[in-house]
There are 2 protein chains.
Amino acid sequence: MPKKFEDYKEKLKEIVKSKGLKYSTQREEILKVLYNSKEHLTSEEIYNEVKKINRNIGLATVYRALAFLEEQGLINSISFGSEGKKYELNRGKHHDHMICINCNKIIEFFDEELEKLQKEIAEKHGFKLIAHELNMYGICKECQDKKS
Amino acid sequence: MPKKFEDYKEKLKEIVKSKGLKYSTQREEILKVLYNSKEHLTSEEIYNEVKKINRNIGLATVYRALAFLEEQGLINSISFGSEGKKYELNRGKHHDHMICINCNKIIEFFDEELEKLQKEIAEKHGFKLIAHELNMYGICKECQDKKS
DNA sequence: TTATGTGCAAACTCTTTGCATTACC
DNA sequence: GGTAATGCAAAGAGTTTGCACATAA
């Protein structure tokens with residue numbers, strides 16, 4: 001079952017506390033925007049969204065919060081093409097991306113075999129694999145249908 | 001056997017001609033810098049390198065040439081972390097990257113099985129795969145040895 | 001000759017930083 | 001009360017664009 005926002009909020013509180021930092025509603029609001037979004041959002045999109053909740057928030061705060069949240073592993077970023085850096089909530093399940101070069105849609109997927117194979121390849125090179133990011137570019141089903 | 005620079009130069013000439021554009025030594029010089037480099041270079045690094053050949057070249061020309069060369073498929077770019085966009089000559093063989101998060105070294109590799117598996121995964125989603133980019137992050141052999 | 005490519009500088013976009021103020025602990 | 005976080009504005013970095021000039025075809 002999907003995690004509730006409270007779970008992420010709790011995690012944020014723990015991190016902040018454990019580091020002797022202070023809790024702020026701004027960071028929470030930014031996290032909430034990402035929680036509520038199914039899309040991957042740019043910093044500016046996040047800024048615009050969070051402004052709907054808190055009209056006084058500053059862009060600098062968004063940047064600082066995003067950097068912080070990413071460092072703490074609460075969110076992830078992905079960047080490709082000319083679309084710039086985009087953020088998503090780390091919902092705990094690693095996944096890779098298929099990106100439609102026609103409509104820019106991002107499809108998330110996970111494949112066990114793919115993960116295993118990568119680990120094997122890394123080992124073969126004596127490389128200690130920590131993370132990876134795979135972006136597959138192409139045309140999604142819908143765009144293929146539309147074009148024909 | 002590895003391609004000579006003349007081969008790339010020839011390809012550039014063909015492209016330029018076929019598009020009714022004009023040949024310029026600047027684009028050639030930039031291509032040469034990438035040909036001579038085993039590393040992935042940022043725009044600024046390329047600018048500095050090409051200045052050694054042609055001290056009058058402008059940064060804007062480098063940006064315009066890189067965009068052009070990438071569009072034409074002569075070079076590829078890869079961007080990750082905070083290192084920004086880096087370029088490499090397209091030597092005709094697709095490959096993926098292992099990136100050492102300690103020393104920033106980039107190790108290129110190619111794995112047939114991995115390619116096949118991706119194609120299968122794409123098909124399963126009705127996605128028409130055109131290209132992909134896989135970056136594996138971790139610690140390279142040398143850095144592992146150094147740390148122990 | 002004529003349109004493309006270049007070099008320069010200015011403009012732009014995105015992101016970061018300094019600083020006074022606010023708000024959490 | 002003390003320190004981290006914020007909001008604002010200014011500064012920075014990286015990239016793009018306008019324009020006059022140079023150059024390939």
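In what follows, every chain begins at residue 1, and chains take the letters A, B, ... in the order their sequences are listed. Please read these numbers as outputs of a predicted model, since none were measured by experiment.
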Rounded to whole angstrom units, what separation is found between the [atom1] atom of [X] and the [atom2] atom of [N]?
| X | N | atom1 | atom2 | value |
| --- | --- | --- | --- | --- |
| B/I30 | C/dG5 | CD1 | P | 13 Å |
| A/E14 | C/dC25 | CD | C1' | 18 Å |
| B/E45 | D/dG14 | CD | C1' | 14 Å |
| B/K85 | D/dG14 | NZ | P | 14 Å |
| A/E28 | D/dA5 | CD | C1' | 15 Å |
| B/Y47 | D/dT15 | OH | C1' | 13 Å |
| A/K51 | D/dT6 | NZ | P | 16 Å |
| A/I46 | C/dT15 | CD1 | C1' | 14 Å |

*Determine: side-chain N/O of A/Q26 to OP1/OP2 of C/dA23, distance under 4.0 Å, yes or no.*
no

*asked:* Would you say A/E45 and A/H40 are linked by a side-chain donor-acceptor pair, where the criterion is simply a distance under 3.5 Å?
replied: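 There is no such pair (donor and acceptor under 3.5 Å, judged by atom type) between the side chains of A/H40 and A/E45.
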
When you measure from the side chain of [X] to the backbone of [Y], do you find a donor-acceptor pair of N or O atoms at a distance under 3.5 Å?
| X | Y | value |
| --- | --- | --- |
| A/H95 | A/K93 | yes |
| A/D96 | A/F109 | no |
| B/Q144 | A/G126 | yes |

I'd like a table of atom pairs between the protein and nucleotides 21-25 of chain D - only N or O on both sides, under 3.5 Å - with the distance next to each one.
from	atom 1	to	atom 2	distance (Å)
D/dA24	N3	B/K22	NZ	3.3

_Pair A/K105 + A/E142: basic N to acidic O under 4.0 Å_ = yes

*SB check B/E39 B/K86 (cutoff 4.0 Å)*: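 The answer is no: the pair does not qualify as a salt bridge.
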
*Heavy atoms under 4.0 Å, any strand shown: does A/L59 hit a base, just sugar-phosphate, or nothing?*
base

*Hey, could you give me the CD1/CG distance between A/I121 and A/L117, rounded to the nearest 0.5 Å?*
4.0 Å

In residues 53-70 of chain B, what donor-acceptor pairs under 3.5 Å come from side-chain atoms, sequence neighbours left out?
from	atom 1	to	atom 2	distance (Å)
B/N54	OD1	B/N56	N	3.0
B/N54	OD1	B/I57	N	3.3
B/N54	ND2	B/E29	OE1	3.1
B/E70	OE2	B/S77	N	3.4
B/E70	OE2	B/S77	OG	2.6

*Within 45° of the axis and under 6.0 Å from the centre of the six-membered ring of A/Y23, does NZ or CZ of A/K13 qualify?*
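Here A/K13 passes the 6.0 Å and 45° test against A/Y23.
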
_Strand contacts (DNA chain C) in residues 61-72 of chain B, 4.0 angstrom heavy-atom criterion_ = B/T61, B/R64

*Out of C/dT6, D/dG7, C/dA9, which has the shortest distance to the side chain of B/A60?*
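Looking only at heavy atoms from C-beta outward on B/A60, the closest nucleotide is C/dA9.
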
